[in-house]
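The structure appears right after this line, and notes come after that.
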Amino acid sequence: MVIVLLAGVAAGALNAVGGGGTFVALPALVAAGLSPVTANASSTVALVPGTVASAWVYRRDLAPVGGTSTRALTGVSVIGGGLGAGLLLTLPAVSFDAAVPWLLAFATVILAFGRHVSRVVSEAKGHAVGMSPRAVLIGQFLLAVYGGYFGGAVGIMMLAVWSIGLGLDPSAGNPMRVAQIAAVYLSATGLFLIASDALSAPFVLITMLVGAVAGGVAGAHIARRLPAWLLRGVVLTTAVTMTVLYFLRN
């Protein structure tokens, strides 16, 4: 239970600062005796209060992504998260295992060089290159489905898409990333509580939930005080670390 509690704190803090909390939470729940599918659903349920708490800390820092309204982006995240959760309950749990490390590697490269590439292309074309609001919503829907299904490093992938498609700085997009993860997790949690056995180990679940709330609040407060360049470094370091760990796990 101590390990589960500490994993919850670490996962909540990671989600608030740079993403990747699922990678910490999921193995801890499996080690506590839960099956992979149950652990996947339980980690989403356990992390959602901490993510919501982080989003509340960030509430004054939220800014629209591109030309898309916050309400539209959140609505797409809610729908996609619910659909992804439904897929988890009906499809094999290992469906994305082979693809996830490569998706993460691609996202990490985009995070590292996306804004530079976007700037170079804009200069070559003579005008700014940016995703249309419709393209942003379509991309967000696909990411939300993935987030509801598996959730691992979905926030890192969001920042990567916004970076290459809109030239958005990861530090500027971090508050919206947390808010959208909260929307995805809330939608998925509703279905998991009804249709999965996520509540089969309530003490384990509550222990991780308490840790995740503490870590989420602390991580968000720390992230808001970090200089933009340092926060970018933390996000990129987290992305690289998660990519390496996912490849090693596979």
Side-chain angles (χ1 to χ4, degrees), residues 8-26 40-65 68-86 88 136-137 139-162 168 170-194 198 205-206 208-224 231 235 238:
V9 173
L14 275 174
N15 278 344
V17 177
T22 300
F23 188 83
V24 178
L26 189 58
N40 204 349
S42 297
S43 68
T44 298
V45 175
L47 294 181
V48 70
T51 308
V52 171
S54 299
W56 176 256
V57 175
Y58 279 126
R59 66 191 182 281
R60 294 188 179 90
D61 302 320
L62 296 177
V65 175
T68 307
S69 70
T70 301
R71 181 176 297 180
L73 197 68
T74 303
V76 166
S77 295
V78 168
I79 295 171
L83 179 58
L88 175 65
V136 172
L137 291 177
Q140 185 66 21
F141 174 75
L142 295 176
L143 288 172
V145 171
Y146 164 78
Y149 182 93
F150 178 63
V154 64
I156 292 173
M157 295 181 187
M158 284 184 195
L159 288 179
V161 170
W162 299 343
L168 186 65
S171 61
N174 196 52
M176 184 58 78
R177 173 192 68 84
V178 174
Q180 295 311 308
I181 291 176
V184 171
Y185 281 3
L186 277 170
S187 177
T189 293
L191 186 58
F192 288 151
L193 290 176
I194 296 172
L205 182 65
I206 292 172
M208 176 161 283
L209 187 152
V210 170
V213 170
V217 172
H221 279 295
I222 292 171
R224 291 184 73 236
L231 184 55
V235 172
T238 303

Quick one: pull up [atom1] in [X] and [atom2] in [Y] and give me the separation to the nearest 0.5 Å.
| X | Y | atom1 | atom2 | answer |
| --- | --- | --- | --- | --- |
| Leu205 | Leu193 | CG | CG | 8.0 Å |
| Tyr146 | Phe141 | OH | CZ | 16.0 Å |
| Ile79 | Thr74 | CD1 | OG1 | 11.0 Å |
| Tyr149 | Leu83 | OH | CG | 12.0 Å |

Please give me the minimum heavy-atom distance between [X] and [Y], naming the atom from each residue.
| X | Y | answer |
| --- | --- | --- |
| Ala223 | Ala16 | CB-O, 4.3 Å |
| Ser77 | Gln140 | OG-NE2, 3.0 Å |
| Ala10 | Val24 | CB-CG1, 4.1 Å |
| Thr70 | Gln180 | O-NE2, 4.5 Å |

Under the side chain to side chain contact (heavy atoms under 4.5 Å, CB included) rule, what do Val78 and Leu186 come out as? Steps first, then yes or no, please. CA-CA 7 Å; Val78 168; Leu186 277 170; over 6 Å; no

Validation: residues 43-56 side-chain donor-acceptor distances under 3.5 Å, sequence neighbours left out:
residue	atom	partner	partner atom	Å
Ser43	OG	Ala39	O	3.3
Ser43	OG	Asn40	O	2.8
Thr44	OG1	Asn40	O	3.3
Thr51	OG1	Leu47	O	2.9
Ser54	OG	Gly50	O	3.0
Ser54	OG	Gly216	O	2.8

Taking the side chain from Ser187 and the backbone from Gly81, do they hold a donor-acceptor pair closer than 3.5 Å?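 No, because the side chain of Ser187 does not come within donor-acceptor range (under 3.5 Å) of the backbone of Gly81.
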
Does Val136 reach the side chain of Val65, with side-chain heavy atoms less than 4.5 Å apart?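 The answer is yes, as the side chains (C-beta and beyond) meet within the 4.5 Å cut-off.
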
Who passes side chain to side chain donor-acceptor pair (under 3.5 Å) against Asn174, sequence neighbours left out?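 In terms of side chain to side chain donor-acceptor pair (under 3.5 Å), with neighbours along the sequence ignored, Asn174 is linked to Tyr58, Arg177.
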
With Leu137, which residues qualify under side-chain contact (heavy atoms from CB on, under 4.5 Å), at least two apart?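 Testing Leu137 for side-chain contact (heavy atoms from CB on, under 4.5 Å), a comparison that skips the adjacent residues, returns Thr68, Ala72, Leu73, Val76.
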
Arg71, CZ atom: more than 12 neighbouring heavy atoms under 6.0 Å: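 Open: at most 12 neighbouring heavy atoms sit under 6.0 Å from CZ of Arg71.
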
